[in-house]
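One structure is given below, encoded as structure tokens.
These values consider heavy atoms only, across backbone and side chains, with no hydrogens, waters or symmetry-generated copies. Letters A, B, ... are given to chains in the order of the sequence lines, protein chains preceding strands, and every chain is numbered from 1.
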2 protein chains.
Amino acid sequence: MVTVYDVAQAVGLSIASVSRALNGQTGVSEATAARIVEVAAELGYQRNDVARSLVAKSTQTIALLLPDITNPFFPELVKGVQTVADEHGHVLLLVDGAGDRARVAASMAVLRRKQVDGVIVVASALDGDADALFVGVPTVFLDRTTNGPGASVSVDHEAGGYAATRHLIELGHRRIAHIAGPRDLEVSQRRLDGWRRACEEAGLPTHDALVASGDFLEEGGHRAGIELLDSGEEFSAVFAANDLSAIGFLALCAQRGIRVPDDLSLIGFDGIQLSRYTTPTLTTVAQPILELGARACDTLLHLIRGEESQSRIVLANELTAGASVRAIGGTR
Amino acid sequence: MVTVYDVAQAVGLSIASVSRALNGQTGVSEATAARIVEVAAELGYQRNDVARSLVAKSTQTIALLLPDITNPFFPELVKGVQTVADEHGHVLLLVDGAGDRARVAASMAVLRRKQVDGVIVVASALDGDADALFVGVPTVFLDRTTNGPGASVSVDHEAGGYAATRHLIELGHRRIAHIAGPRDLEVSQRRLDGWRRACEEAGLPTHDALVASGDFLEEGGHRAGIELLDSGEEFSAVFAANDLSAIGFLALCAQRGIRVPDDLSLIGFDGIQLSRYTTPTLTTVAQPILELGARACDTLLHLIRGEESQSRIVLANELTAGASVRAIGGTR
DNA sequence: CATCAACACGTAAGCGCTTACGTAACAGAA
DNA sequence: TTCTGTTACGTAAGCGCTTACGTGTTGATG
């Protein structure tokens, strides 16, 4: 391996000058700087960033922790993060499988040792007292609006739930069921809140039998759907707390011969790409996933630099029309 | 930051003993080792891996380069890689957007500086003379079976193309069109070869008008579909070189009122999750994507350790039944 | 009792780099 | 001339760690 020392020797100068020249710093004449750069190139010198990081106390590395990269929500998020990181000369460590607190704790230990400059964590499964895991490390939380250390970026889940439900109400639906996400997740709660607010405002029922909890995955949506359909409860529309749940429910409808949207309207949440490929395509509250990732990364970089920056960023959702909802005359 | 020096001081020993104790090495008595570990924990000592990497000349970091994480083929691949990396105490650097040679070159420069222990590259868009980018870095190529440095892991694309086409032939199809991938990609070529071999064996036509090239994305499948349908050429089945192309073609069929599989049978390649959500669900040649990633990582770790290992791994595909094909009586 | 291996531990070098500080040369001002 | 400021460069420390080698102590062996 060619080191600064080799270059210095080859060009007949000290390693200090070589370092300065190679980093475009002042303190070397232009002429010698040019010569140094040239010789370095000739020798095929490649800077060793681990040595540099040791003295600089910065690795130009950030980590993204998420529970499951195969969940179609995340790839786009990753892209948003990666793009911004890349633009700023940072590199992205991906930690998949950060599903529960224990896994996150283990990962954070590794990342601390690796001296990452900061982390972005998708807070899906983080209990309240997880804050300790992140002290001393610049951190941005996604989908976590509660107080706590670090910054957070998310959409307004309550508003999204409200918008989805309003949409159904405006189409004439009077009994709207809800397939919720995991009960302990803040985002589930907020989306549920939005549904409830819209219903109550319109004088529609919101009793427990109209709500079934899923797990934000297809299977949970399927199960919750069974619960709802078999409850004897009447409803003409379903608002699912995320697209995957909606898709699981859609499969159930297909199995039972329930036509969507003819017999039942369905609306999802997230706006994952997959929602455009189902039959019918899914009407959904789309999150600006790419932007979410980008903003998260941006915010993190600010945190790292110690700059001021807004610490609670809330982006807007957008209702995306699919073919899974339809207007109805009156209550069914 | 607490360093070995701090621990040494607190326990009244030298940093050498501390280092030995903390790494479970010989050279310290069990009693003192225990004391050191205890004190280190008390002080909240966290090893600094960048310092360690500097002397060890190993970062326990591998990189995965791929063109586009939002392509549904890749998340599962990432998971396969990540899982194995994690099991072996390595950490994963994800480089997205490694779409063309220039980007890969730039990324490799960064990764070299960062002293990654090895890289896995999805060779989608790598021209022949890209080999130089990887010299000196343990490298595993995915989907690249040509000779070259490093190891490679892939499925047998030719066999997959053959199997897909055979399947259609056995269902009675006599004129089978092919939507190919980008012409300069080896995998496209091999899948095309498989199609051709199966057709020729069965005495079926393989002239140029039966083949249209896409880009492995939906749009390309759509475009290629138009080309085929408007060519006046007759065919009762289409073998698309990957699922996304097939899905693009499927959308085209929907637009034109062509019923799949009633009017036309369609078979894809890859077995991405998305293929299970289309209408109809896609019959496809499934690659063991997760395993592909896992084996790639495994192989890379072997390379890094300098151990012997098979350098050209070829996994088997499996034809996965969907609802996009049907038998027909005779030639249409 | 002398010898020596085995063990526990310390000293110090060095991984490749950045950077504070020192020094010599030179130019301009008094 | 002398003083001062500026520029170009070198010296050396130090980032936090591992590890080759040296030293002193112990217990076993003859």
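Look at CG on B:Leu54: it is 9 Å from C1' on D:dC15, rounded to the nearest Å. Going from atom OH of B:Tyr45 over to atom C1' of D:dT18 covers 11 Å, rounded to whole Å. B:Leu13 places its CG atom 20 Å from the P atom of D:dT23, with the value rounded to the nearest Å. Between the CZ atom of B:Arg52 and the C1' atom of C:dG16 there is a distance of 18 Å, given to the nearest Å. Computed from coordinates, the A:Arg35 CZ to D:dA8 P distance equals 14 Å when rounded to whole Å. Between A:Leu22 atom CG and C:dT18 atom C1' the separation is 12 Å, expressed in whole Å. Counting to the nearest Å, the C1' atom of D:dT18 and the CZ atom of B:Arg47 are 11 Å from each other. Distance, B:Gln60 CD to D:dC17 C1': 15 Å, rounded to whole Å.
Tested against B:Thr61, the residues B:Val91, B:Asp49, B:Leu111 include a single side-chain contact (heavy atoms from CB on, under 4.5 Å) partner, B:Val91.
Within the 4.0 Å cut-off from OP1 or OP2 of C:dT18, not a single side-chain nitrogen or oxygen of A:Tyr5 is found. For B:Asn48 and D:dC15, the shortest distance from a side-chain N or O to OP1 or OP2 is not below 4.0 Å. Distances shown here put a side-chain N or O of B:Ser14 below 4.0 Å from the OP1 or OP2 atom of C:dG10. An OP1 or OP2 oxygen of D:dG16 is reached within less than 4.0 angstrom by a side-chain nitrogen or oxygen of A:Lys57. B:Thr32 has a side-chain polar atom (N or O) that falls below the 4.0 Å cut-off from OP1 or OP2 of C:dC9. For the pair B:Ser53 and C:dC15, the criterion of a side-chain N or O lying under 4.0 Å from OP1 or OP2 is not met.
Closest contact between the side chain of B:Thr3 and the listed nucleotides D:dT18, C:dG16, D:dG16 involves D:dG16.
In terms of position along DNA chain C, the nucleotide closest to B:Ala33 lies nearer the 5' end than the nucleotide closest to the other residue of the pair B:Ala33 and A:Asp49. Taking the nucleotide of DNA chain C with the nearest heavy atom to each of B:Val28 and B:Ala51, the more 5' of the two is matched to B:Val28.
A:Asn48 and B:Arg112 share no donor-acceptor pair across their side chains, judged by distance under 3.5 Å alone. Counting only N and O atoms by type, the side chains of A:Gln82 and B:Asp96 include no donor and acceptor under 3.5 Å apart.
Between B:Arg20 and B:Thr26 there is no side-chain heavy-atom pair separated by less than 4.5 Å. For the pair B:Ile313 and B:Ser152, the minimum side-chain heavy-atom distance is 4.5 Å or more. A 4.5 Å side-chain heavy-atom check between B:Val81 and B:Leu92 finds at least one atom pair inside the cut-off.
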Can you give me every donor-acceptor pair (side chain of residues 66-75 of chain B, partner residue at least two apart or in another chain, under 3.5 Å) with its distance?
unit_1	atom_1	unit_2	atom_2	d
B:Asp68	OD1	A:Lys79	NZ	2.8
B:Asp68	OD1	B:Thr70	N	3.0
B:Asp68	OD1	B:Thr70	OG1	2.7
B:Asp68	OD2	B:Thr70	OG1	3.0
B:Asn71	OD1	B:Phe73	N	3.0

Distance-only criterion, 3.5 Å: show the donor-acceptor pairs between side-chain atoms of residues 28-39 of chain A and protein atoms not counting sequence neighbours.
unit_1	atom_1	unit_2	atom_2	d
A:Ser29	OG	A:Thr32	N	3.3
A:Ser29	OG	A:Thr32	OG1	2.7
A:Thr32	OG1	A:Ser29	N	3.4
A:Thr32	OG1	A:Ser29	O	3.0
A:Arg35	NH1	A:Val11	O	3.4

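The ring-ring contact (aromatic ring centres under 6.0 Å, His included) search around A:Tyr45 returns none, not counting sequence neighbours. With sequence neighbours excluded, the residues satisfying salt bridge (Lys or Arg N to Asp or Glu O under 4.0 Å) with B:Arg305 are B:Glu307.
Here A:Thr26 lies out of heavy-atom contact (under 4.0 Å) with every strand.
Each end of the helix from C:dC1-D:dG30 to C:dA30-D:dT1 gets its own axis from five base pairs, and the two axes differ in direction by 60°, given to 10 degrees.
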Using a cutoff of under 3.5 Å, can you pull out all pairs of nitrogen or oxygen atoms linking the protein to nucleotides 19-25 of chain C, with atom names and distances?
unit_1	atom_1	unit_2	atom_2	d
C:dT19	OP2	A:Gln25	NE2	3.4

